[in-house]
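Only one structure is covered here, and it is reproduced in the block below.
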Amino acid sequence: MFTSRDKAEIKLYFDSNNEENQKILDQCPHLYQKYDKDVTINDRINNIEDSEPTIRNGVTFYPPYYLYNSHFMNYYGSYKIPKLNLKTRREILVNPIDGGTVSLDFFELGEFKEDTPTIVINHGLTGGSHERYVQYFAQRAYKEKGFRSVVFNYRGCAGNPITADRAYSAVQLDDIKFVTEYLTKTALPLVKKWFLVGFSLGSAILVNYMAHVGKDSPYLAHVSISNPMNMVECTKNLSSTYFNNLIYNKGLANNLKRLFRKFDGRLDKYATKEQIMAAQTIADFDDLITSKMFGFETAHDYYLAASSSKSIRNLVKPILFINAIDDPIAPTSGFPWKDFKSNPNTILCVSRWGGHLGFISYEDHMSWSDKAAVEYLSTFLDDADNNNNNNSKNE
């Protein structure tokens, strides 16, 4: 550990008038432990107005000494942590709205009961159930509390074919509504406790879904990890340094271009193949394709509509947000701090380090955010759930 204790402190933002928030945090030792200090303006993040936390916290997070740099953290989390290659069972679904194909991958980690509490996972920009961060989370959720996990793979991702003119985006909610209805009413109708977890772009889809359906959502609680909260600020940050632009901005744009090659002539109405291949950044690509595909004039207009920051005050069901200050893709600039501290349904957790979907801890070289997220979701289980889950794990 090469820095002060206060820098490593996990910052928490929530409505202190809601006693349930404190009860939840008291059950989550990786999120909160009592610390008898008062909050001052010196506790702000980069001196941003209103960014002082709700409460001081006894929990600290330190990465391994070689992962203090967020770029190293991101690389390690994406490529160096050992693959799990968890076994899955796939169901392919076609959305009747427009014929688009998505899939659900059920992790086969053990024998589950028909009513086992189940987590639906939204992956990142061009990911799928194969991603390390998805598999490690699912494995921990099962080992710790016996959760069943199923991954929602978007159109064109994880081997899904392109069968419609529309792709996916943070504002395309038809598919998440479709798979949610299928899971809750057809595939697993006896499950009473459903949870939704989103990573990166998947967390933006999650929040926009929550804001859209409100109390009609069947999900009991939610977790958002590395949410690109304010997409306008994300775009600025991706272009802010040579390294950010080269590794993340161009890298993610290239991933999108590879994915959208599957669309062939379906994209001709928006841009030529030459224009698409010439796109150097995510904003370039979104200006050409994403914005037009989903009814916006420009990428900027799409980012304003897609950003989770605009919806925080309107979320009516429980959700935990986990973000890192040093995230080069999803910076904390533009966060609606006041909204987090006034909405009784939200808890925002911010670490000094962690990068984007990293959060590797020096203690065991595993994801601290996974531990915190599973603890949070577990507070919504009761003794009967825990007994049933333990029995299914032992069978």
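Worth saying up front: this structure is predicted, and the values here are computed from it rather than measured.
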Derivation of the side-chain contact (heavy atoms from CB on, under 4.5 Å) call for Tyr376 and Ile24
CA-CA 7 Å; Tyr376 174 79; Ile24 288 172; 3.7 Å; yes
Please answer: with hydrophobic residues joined when any side-chain heavy atoms are less than 4.5 Å apart, are [X] and [Y] in the same cluster?
X: Met231; Y: Ile225; value: no
X: Phe243; Y: Tyr79; value: no
X: Leu93; Y: Trp194; value: yes
X: Ile48; Y: Leu348; value: yes
X: Ile205; Y: Val232; value: yes

Return the minimal non-hydrogen interatomic distance between [X] and [Y], and the atom names on each side.
X: Tyr75; Y: Lys80; result: CE2-CG, 3.5 Å
X: Leu201; Y: Pro228; result: N-CD, 4.4 Å
X: Val316; Y: Asn345; result: CA-ND2, 3.4 Å
X: Cys157; Y: Leu259; result: N-CD1, 4.1 Å
X: Val134; Y: Val151; result: CG1-CG2, 3.6 Å
X: Ser226; Y: Leu357; result: OG-N, 3.0 Å

Mark yes when over 12 heavy atoms from residues, nucleotides or ligands other than [X] sit less than 6.0 Å from its [atom1]; otherwise mark no.
X: Glu108; atom1: CD; result: yes
X: Arg313; atom1: CZ; result: no
X: Tyr66; atom1: OH; result: yes
X: Lys37; atom1: NZ; result: no

Donor-acceptor pairs under 3.5 angstrom involving side-chain atoms of residues 209-219: please list them, not counting sequence neighbours.
from	atom 1	to	atom 2	distance (Å)
His212	NE2	Lys177	NZ	3.3
Ser217	OG	Tyr219	N	3.1
Tyr219	OH	Thr180	OG1	2.7

What I'd like to find out is whether the side chain of Met229 reaches to under 4.5 Å of the side chain of Phe321, using heavy atoms alone.
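Yes; the side chains approach each other to less than 4.5 Å.
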Do [X] and [Y] have a side chain donor and acceptor closer than 3.5 Å?
X: Ser291; Y: Asp286; value: no
X: Ser311; Y: Asn314; value: no
X: Asn95; Y: Asp175; value: yes
X: Thr163; Y: Thr101; value: yes
X: Ser307; Y: Ser309; value: no
X: His356; Y: Ser70; value: no
X: Asn237; Y: Tyr248; value: no
X: Lys310; Y: Asn208; value: yes
X: Thr281; Y: Asn249; value: no

When rounded to the nearest 0.5 angstrom, what distance separates [atom1] in [X] from [atom2] in [Y]?
X: Arg132; Y: Gln139; atom1: CZ; atom2: CD; answer: 13.5 Å
X: His30; Y: Glu375; atom1: NE2; atom2: CD; answer: 5.5 Å
X: Ser103; Y: Arg90; atom1: OG; atom2: CZ; answer: 3.5 Å
X: Thr54; Y: Asn21; atom1: OG1; atom2: CG; answer: 8.5 Å
X: Asp327; Y: Asn227; atom1: CG; atom2: CG; answer: 10.0 Å
X: Ile329; Y: Ile247; atom1: CD1; atom2: CD1; answer: 11.0 Å

Measure up the [X] and [Y] rings against each other and bin them: parallel (under 30°), tilted (30 to 60°), perpendicular (over 60°).
X: Phe112; Y: Tyr142; answer: perpendicular
X: Phe195; Y: Phe147; answer: perpendicular
X: Trp337; Y: Tyr13; answer: tilted

Does the pair [X]/[Y] count as a salt bridge with the N-to-O cut at 4.0 Å?
X: Lys11; Y: Glu9; value: no
X: Asp382; Y: Lys193; value: yes
X: Arg56; Y: Asp6; value: yes
X: Lys34; Y: Asp26; value: no
X: Arg140; Y: Asp370; value: no
X: Asp364; Y: Lys371; value: yes

Hey, does the side chain of [X] reach the backbone of [Y] with a donor-acceptor pair shorter than 3.5 angstrom?
X: Asp105; Y: Val150; answer: no
X: Ser239; Y: Asn245; answer: no
X: Thr241; Y: Asn244; answer: yes
X: Gln135; Y: Ser129; answer: yes
X: Gln172; Y: Asp174; answer: yes
X: Asn230; Y: Glu233; answer: yes
X: Asn122; Y: Gly202; answer: yes
X: Gln27; Y: Lys23; answer: yes
X: Asp326; Y: Gly354; answer: yes
X: Ser203; Y: Phe199; answer: no

Pair Phe263 and Phe260, ring centroids less than 6.0 Å apart:
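Yes.
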CA sep, side-chain torsions, deciding dist, call: Leu196, Ile119, side-chain contact (heavy atoms from CB on, under 4.5 Å)
CA-CA 6 Å; Leu196 185 59; Ile119 301 170; over 6 Å; no
What residue pairs, at least two apart or across chains, pass ring pair (Phe, Tyr, Trp, His ring centres under 6.0 Å) with a residue in residues 160-180?
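Pairs touching residues 160-180 that pass the test: Tyr154-Tyr168.
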Within 45° cone and under 6.0 Å: Arg89 NZ/CZ vs Phe107 ring
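Arg89 over Phe107 ring: no.
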As a test of understanding, state which of Lys269, Arg155, Lys292 forms a salt bridge (Lys or Arg N to Asp or Glu O under 4.0 Å) with Asp165.
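In the set Lys269, Arg155, Lys292, the residue that makes a salt bridge (Lys or Arg N to Asp or Glu O under 4.0 Å) with Asp165 is Lys269.
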List the steps and the verdict of ring-ring contact (aromatic ring centres under 6.0 Å, His included) for Trp353 and Tyr68.
CA-CA 7 Å; Trp353 304 281; Tyr68 273 77; 5.0 Å; yes
